[in-house]
Structures are given as structure tokens and as C-alpha cells.
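First the structure, in the form of C-alpha cells, and then the observations on it.
Here the structure is a predicted model, which means the values were calculated and not measured. In the text below, chain A, chain B and the rest are named by the order of the sequence lines, each starting its count at 1.
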Amino acid sequence: MSYHLKTLTELRAGLASRAFSARELATCFLNRMATHDGALNSFITQTPEQALAAADLADKRLAAGEEGALLGIPYAHKDIFCTAGIRTTCASKMLGDWVAPYDATVHQKLNAAGAVMLGKTNMDEFAMGSSNENSAFGAVKNPWDHSAVPGGSSGGSAAAVAARLVPIATGTDTGGSIRQPAAYCGITGIRPTYGRVSRYGMIAYASSLDQGGVLATSAADCAVMLQVMAGHDPRDSTSANVPVPDYVAQLNQPLAGLRIGVPRQWFTSGLDVSVAARIDDALLELEALGATRVAIDLPDAELALAAYYLIAPAEASSNLSRFDGVRFGYRCANPRDLNDLYERSRSEGFGPEVQRRILIGTYALSAGYYDAFYVRAQRARRQISANFAAAFARCDVIAGPVAPTVAFNLGAHSSDPVTMYLEDIYTIPVNLAGLPGMSIPVGFAGTRPVGMQLIGSAFTEARLLAVAHHYQQHTDWHQRMPAAYREDAV
Amino acid sequence: MSLQSGWEAVIGLEIHTQLATQSKIFSGAATAFGAEPNKQACAVDLGLPGVLPVLNAEAVRMAALFGLAIGAEVALESTFDRKNYFYPDLPKGYQISQLAQPIVRGGTVVINVGEGDKAVQKTINLTRAHLEEDAGKSLHEDFAGMTGIDLNRAGTPLIEIVSEPEMSSSAEAVAYARKIHAMVQYLGICDGNMQEGSFRVDANISVRRRGDPQLGTRTEVKNVNSFRFLERAIDYEITRQIELIEEGGTVQQQTRLYDPDKDETRMMRTKEAADDYRYFPDPDLLPVVIAPETLMAWKAGLPELPDAKAARYQAEYGLSAYDAAVLTSTKETAAYFEQTLAAMGSAGDAKLCANWVSGILAAQLNKASLDTTHSLVRAEALGQLLLRVADSTLSNKLAKDVFDAMWAGEGEPDAIIEARGLKQITDHSVIEAMVDAILAEHPDKVAEYRGGKDKLFGFFVGLVMKAAKGKANPQQLNEVLNVRLGPCGAGD
Amino acid sequence: MSLNATQLKHVAHLSRIALDEAKIPALVVDLNAILAFAEQLQDSRLDALAPMAHPWDQSQPLRADEVTESDAREALQRGAPAVERGLFLVPKVIE
């Protein structure tokens, strides 16, 4: 059975009708992981035993007539979500084999819904990166082209879904870490509004920007998963106490009259022409479906980049202070004294990019620089937010590129952090303003996928999903998959 | 202590007050003192990856109560910041505190310095009081050269109460600290236990030549866990600084520890430019907003505070300002006084109660190193005893004997009076009979008295008292003697 | 505003990160390239704007003062590098 070619809706129907069992489903995907992940390296930890036990439990619940959006559905977690009993590494030597004594709220919700976790995916260490090359567990390959990066930081989740090793996966997006890998891997990803999904048990990179979300093959699948993950959590003070709409039910809301804002400033010389062309094609398609294209201004992308690369490292420098070799995680061998314990544990435990960001962040907060860097960046953040507010006065949804190019080659930017950071120029403003954003596949430039970004105002995930869903009802880019992964595992 | 002439000291205090909540400021772990190491430290307190803080409502209410009690501005919006530094007892590598927008801003307290008629009042301004989390503890003994870390205390809610540098002697500083200590206990927001670290005082101390507008370099003395040590630490530090400057040296900005065993302060560390705490708004916490009507309700529900109580004691009971201040200096003393008075019922005599509570009882407690709540004589029992003074059953002197017996555990006052036969003789006819008997034995002296030798009156009093074993009511005895002897010099 | 090697060492100390002396010059170059972005922040439009710490103007939710956690020391210390008699051990702290 080629379960990996089915949509989530089809898998749910099959499970409900007992056409196949959760165990059969889990086994199929576990086999695909075993066969293909050696080449991709998209998983840090595979959990076949726990998965089969969870699948059996789901089968019992299904047999008892229980219904659930994700009951018996296999998925993978980005290895940033804490899972009791299964190690959580954040792709860092610092955490190594650390096992959280608690579940992230997102994990609790998925467990309660009966979803079956197959493993935990690779990522850039502590979610810092745009290529998934900053992992203590090795780089991840792009399933479309093994010489390309899958994007980051949720590169493992994106690659695993693109290769159909799992039907769906979680991710986190602090500066584009769901949208950019989704674009590079030709899949659909949604980063919800800040506060929509609980951050409890999701290891923090930059607390005011981090948000958990979904990577899947379609907007409809994203809607099902997000429905389970979203909602207020009393354990996260920044969690939004706003009702969660029925995303699935709203997928078919009509596009007629929808104003799609296209930022003039984003279609300039910095954007690869083939990427621009594919996005233009997609916009034409949406116009044909009843939407109206409106040119808007969304200035200050460079300002946003500057603000982000001070705010995120500043928060990270403080968030990562708890990794000190005292209560959990990596401790250097034979520390001479307390300072030696701190300094060696941290410089041996953290990779180079994490250390770079801690240093930048510490500098931005230090005496004499705080006002010029950190406070100034927070003012810029307000400007970016105001820019979006002005833009949304003229349109309902903003559409544009996710990244300036398609997936680049492994190693292409690894010696130059600044070029790497420029990858995030279209995604970062969304995080600063706390808005929801999606990436949907809209074609190819050569062999590599192109993604289009959709941005909504706060808590309009349902509309973004509906726009994407309409587009996917009339196109098949989201059904394309890399040829090497199409066949069933043997 | 009197300062060396020509010098003055400038003192400000920072008081870390543990709030008496059940659970921690950002987690649901218990705050009780004395648990086994790390058994009251949950994942949030340990700063494990992924966990997040959620603010305890009661900590906010308690901090606001303090602000209301000192007439401060209680901020309707306050924010939390992170203070970043590495230390093993600080699990997250930062302390959640309030720097930019504290919950309590300003405020004043009035202190009484000196005793009796010489007592003077002084108003001390407060800078602020802010909410923050406590750190854990480092245990240095006996781990093969290692230090053990206990994080049970980590996350206990604190308010750090910061005064302006407006005190000029150890006496003022102690009076201020005692006043804050009294306030937080009146409010019920802190158990006030200094031995257990619930109320920790740091003193910032500098000296300057009298009249010099410039403040001297200050040192911060930490680890002071009693009012007595606070006084001694400040006195030591003032003397040290003056001597240092007079010998041509300069005071270094330092953190110093007070060592009660050696009665001295010693350097803990120098404050360097390297102290850079990189404060910034905690992104895990949002602004704390208090609705104006909530604040008004809290204000309306404030208990009677020391100053108001002292004013009432003066107005209602006619006590002196000094006595009223002494009786209200702690919540327990005031409660004891009021219970004693209540136990006397309609015969209540506030001045008598005040004298006993602030005099004999206070001295006895002091001698036994006990606080009022641990008094071996209960307020009700003292009230019963004082009833016997008020109704002339006992003289003050006998009452003290009975009090001592009560303290020694011999029982209730009336039982002791009965058992010891201490009851004063107030039966008029009995006293008359005793007087008559004595006068009959000494006709010569009676004649001398009547002949004008008035000093003999005391002689007769003494004889009758001796015969009565000291129990005759003195007033009645005088009256009877006067009547029986007739006017002095009246002849026979 | 740029960072020199001395400042970098100070920042590394504040961050408790040991720097390999040989790698400092390259790191200074990398960090300054990142800090060069910050030139954007000199934009005078920002002067009048209030710093934004959170995306939304929400206020802090409060929890009731209830003890919800019980002793879980054993589970919480399972991943600890060094523990004795329930205490986390570190090299001697000198006070």
C-alpha cells in the first residue's frame, strides 16, 4: 500500500473505515525512514518501538469507535519539542542524550489526539540557521537534490515530509525556520500568529519571536494538524487567549473579493528572476480564482534584518545561559574551577553559530551598547509592525517570495554568516510583527522547488489556509515529489 | 554610637523580604522552609530547557499591599526584566526582577529613634520596592572539594525594598529596618523570620566630612541576619571607613560580609566595571496590569498599621507617644497588649497593661531571649493578674512575685495567690483589729505620736504590715491608723 | 559601531565562552559584518517610536497561589552531570 502517496484526509478515512490499521500505517512510514533516511539524515532519533506501541493504542481507540483528527496518524517532531522518555537534543552536543522529564504542551496535545510519533527530526542547532548545516548530528540533504540544503532551521522536518518519510511534521519558526525549508523542499508550511501555539516545552531560541507550526504536503493537512496544536496554554504566559476557529471547516471560504497585496519592494534586483516568475504565475492563478492583486508598500526589509539579528541573539544569549553544565546536559571533563566548568562546557557544547549569536547578543545587551543596539532594534520592531498595519489597510493577504533564491548548495554559505542571514530577508519581518505566514510550493526553478509566501494579519490562519487550499485545488505543485522517494520501500 | 567628630555617615538599606505565599513566584512548587535539598525545586525552578514562568497572583497582591501601606505609588503597569549573570545558585543564568518599571515607587516610613522623652521621629523616603525571584543556596561543606547546590529557595517570591540613603547612624538604620519588619508582618506578607532568611538586610554605607556635599564611596554589607548584627556591622564599617580615610587611604567600592563571630566586616568582592547584568525586558512575561478598582479594594482591606494603631492608643487609652510606639513596634506586642486589656474586661486599665507589657513582660522576654508569641505567660493570664492589681487584691510588688511564679509555670494567677496566701487584706474590720492590737501594745509610742512626734506613723505602719505579713492594703491601713491615732500633736 | 578583540574577550567572558586565541581575528571579522547591519538602526524615524518587546498588547496572566508540584527530585536530577545527597555538585565556590 502506498500510504505515503495519500493525503491526511485519505489516511484518516482509511483508518476510520478500518481499511488499514494505525500499526500498518506506522510500519509503512517507519520502513520508509529506515530505507531512505541514511541518505537524507532528516532524523536525529527514530522511535519505532514507541511508535508501534502508540499505533496499537490508536488502533484500540479506533476499534472502540473513537474519532480524532489525528488518531493513528504518524508524524515527526522537530527535535526542539520536549518529549518525556525520549531524548531531546536541539541538534546540540550541549543536550546530547538529555531526556526531558516532561512533555511540551504541543506534544501532550498531539498525544491526546492519538497521533503517532515516529521520531524527532534534525534541525539547525537551537534553531539557529537557514540551511540545517549547523547541526551536531550532521547536515540534512534536500530530497530534490542531495547537493542542496533543505533550508533551516526545521530542515529535517521539511526534508522528511518532502521525501514522504512522514506525512506531517512539527516545526518552529523564529525568523523563517518553517517557511524557508518548506519552500526549499517543495512542501507546505505554516507559522501561526505569535501566541497561537504554546511555547511550553519548546526549547527557546528567541522567546518573543519563536512560534511552533506545521510542515505538510498540503494546506488542508496543515489545517488538521494546526487545529490540534493551537490554543491557549496557562503554562505559557505569552500564549494567546483567543478562540481557535475551525480551520478545516473554513478551508473552502471563497476567494472572491480577496485583495492580495504584493509588496513592490520585494520584487527587485535581490530576487532571483525564476523565483519571481513562478510567484507571478501563482498570483495569476489566484486572480483567475477570484482574488485581486494590489500593489502595496512594505519597506524596511533591511531595517527588519538589522533588528532581528540583534533582538534574536540578545534573547538567545540570555535563554541559553541555563546551559551551564550544572543541572543537566553537557559538562566538560575535569573542570579546574567553576569558571573553567562554565567556559569549557559552553564552548565545547555549543557549535560555532550558536556561540556567534550568544556573543552578538551579549554585546547588544552590554553596558554602553544596550540603547544603541537593543532598544533601537525594539523601536525598529515597532516600525516594522506599523508597516504591516498600513499594508493590511489595503489588502487582506500579502503574497511574495519566501527566500531570494531556491535551495542553495551545501557548503555554499557556510563560511559567510551574513550571506546566510540575507536568506531570511522576506521572512523575518513577519516574526518581528508576530504575524502568521505560510509557504506553498508554486513550481520549480530548474530541479529545485520555489515557494510562495502568504502573510496574514494576526490570527487569520484560517484565511491563509483557505487561500492556499484553493490554489492547491487547482494546481498540483504540492503533489509533486522527488522521484527517488516515490516508490514504496521494499 | 557617636560618630567621631567632624564626620557623618550616609546609610541606605536594601531589604530582601520573602513573601509568605504558598507557592513560588513563577512555579507551583512549595515555598516551605527546611525541606530536603532540591525536593521543592520543580522543572521551572531548575531552569530546565523549555519551561516557562507564570506569575503568582498572590505575590503581586502582597507587593501592592506593601506599596499601599507606605503610601507609595503602586504601578498599575509594571514589567519584569532579566538580570543576567552566571552563578551556580542561579539556575537560568538570569534572575527575573524588575528594573525599569517596578511595582512600588516611592513611599515613606516614620521611625522613632531614641528612648522615652528623648525619642525623636524621622521620616525615611523609600526609592522603590520590586518583585523578584530568590536564588538557591550553595553549601560549602564536605563534598570532596566540591560545592553542593540546593535550589529549594530558588523562585521564592521576594520584594526588594530600597530606601533612599537618608539614615545617618546605626540606630536610625535599625529603627528603619525594624519598622519595615513590623510593617510586613502587620500586613501578613512575610513571616519575618530573620534566622531562616525571610528578611535579609543589606546596608550601603559611606562616610563624609560634615558639611561635604559630596557623598563618599560606599560599601555594601551583606549577610546581616539580625538587628543587633545590623547595628554592629554598620558601626564597625563607619569606624573602619573613617579610620581608613584619616590614615590617608581611600574607601574602595566593595561588597563586604559581616562576620558576627569576629564582629567585623570583611571584603567579599570588589565591584568591578565587569559587573554588567545586561538587564532587558523578560520576553517570557508580559506587563503586569492591576485594575484601579482592584487596587482600591486592596487599599480598603488594609489592616490597621503601626502608626495608626499608635495614634489610636494615644487617643483612646491616653498612652504617651513613646509607650504607644513601643507597644505597636511589632504586631505581636500590640496584639498581646490588646488581649491583656480585653482579659481585664470592664475593669480594663490600659495604662496598667501598657506598663506591664512594655515593662515587666518585655524585660522578662528579653532576659529569656523570647519573642512575644513565645511568652511563657499568656496575655489572658496576665490580664487576670492585672485584675487583681486593679481590684487591690495584690500590690504591684506582690503582683510581680505572682508573675514570676506564672512564668515558672506554677499556674493561673488566682490559684497562685490562693496557694501562697498572697491575697491582700482589704477587710476593713480585720485591719482595724490589727491596728488596735498594735496600738494597745505600744501605749507609750501612741502618746509620743499624739504629743507631736509624727515620724512614729511609719513605725506603726511597719508593725502592722509585719503582723499582716505584708498583705494589708496600704491605703486602708493608712486610713485606719489616721482615724485611730487621731491628729498628730492633738495631745491625749 | 564595531567590536575589537578586547571587547570580544570581555563579551566572551560575560557569556562564559572560552575563545580559542587563534580564532579571534576571524571571529571579530564575522561579528563586525553582522553588526554592520545595525547601521540601519540609525534611521531617525525610530527616535519617536516606543520600543516593542512583545507582538501584542496583552497583560500578564496570573496563576492562583497553589502548590501544584510535588517532589520529583529523582526524575529531575536524572540528567544531571554530578549529584550527591540530592545536591548538584560544582567545583568549589569561593566566597
Pick whichever of [options] has the most heavy-atom pairs under 4.5 Å with chain C.
options                        : value
A:L310, A:D300, A:V99          : A:D300
A:E343, A:R344, A:R356, A:E302 : A:E343
A:R331, A:R376, A:R346         : A:R376
A:S237, A:G329, A:P335         : A:S237
A:N431, A:D324, A:D416, A:D337 : A:D337

Taking [options] one by one, which has the highest count of heavy-atom pairs under 4.5 Å against chain A?
options                    : value
C:A53, C:A38, C:A82        : C:A53
C:A26, C:A72, C:A33, C:P61 : C:P61
C:M52, C:Q7, C:Q40         : C:M52
C:Q58, C:K23, C:H54        : C:Q58

Select one option (side chain, backbone, both, neither) describing which atoms of [X] are under 4.5 Å from chain C's heavy atoms.
X      : value
A:Y194 : both
A:P234 : neither
A:S321 : neither
A:A380 : both
A:L341 : side chain
A:L432 : backbone
A:N241 : backbone

Practice item. Compute the ring centroids of A:Y308 and C:F37, then answer whether they are less than 6.0 Å apart. Key: no
Review point. Do the ring planes of A:W98 and A:F328 sit parallel (below 30°), tilted (30 to 60°) or perpendicular (above 60°)?
Key: tilted
Check your understanding: Using the ring of each side chain (for Trp, its six-membered ring), is A:F323 parallel, tilted or perpendicular to A:F350, with breaks at 30° and 60°?
Key -> perpendicular
So does [Y] get a backbone contact from the side chain of [X], meaning a donor-acceptor N/O pair under 3.5 Å?
X      : Y      : value
A:S385 : A:R382 : no
A:E315 : A:S208 : yes
C:N32  : C:L3   : yes

Practice item. Ignoring hydrogens and angles, state whether a donor on the side chain of A:T427 or A:R191 is under 3.5 Å from an acceptor on the partner side chain. Key: no
Check your understanding: Do you see a donor-acceptor pair shorter than 3.5 Å between the side chains of A:S207 and A:N319?
Key -> yes
Point to revise | CA sep, side-chain torsions, deciding dist, call: C:R73, C:D71, salt bridge (Lys or Arg N to Asp or Glu O under 4.0 Å) | key: CA-CA 6 Å; C:R73 186 174 77 181; C:D71 169 31; 5.3 Å; no
Heavy-atom distance under 4.5 Å to chain A: side chain of [X], backbone, both or neither?
X     : answer
C:D47 : both
C:L27 : side chain
C:Q77 : neither
C:L62 : neither

Review point. Given side chains that start at C-beta, do those of C:P91 and A:R336 come closer than 4.5 Å, heavy atoms only?
Key: no
**Study point:** Electrostatic pair C:E21:C:K9 at N-O distance under 4.0 angstrom
**Key:** yes
**Study point:** For the student: nearest non-hydrogen atoms of A:N134 and A:G129, plus distance
**Key:** ND2-CA, 3.7 Å
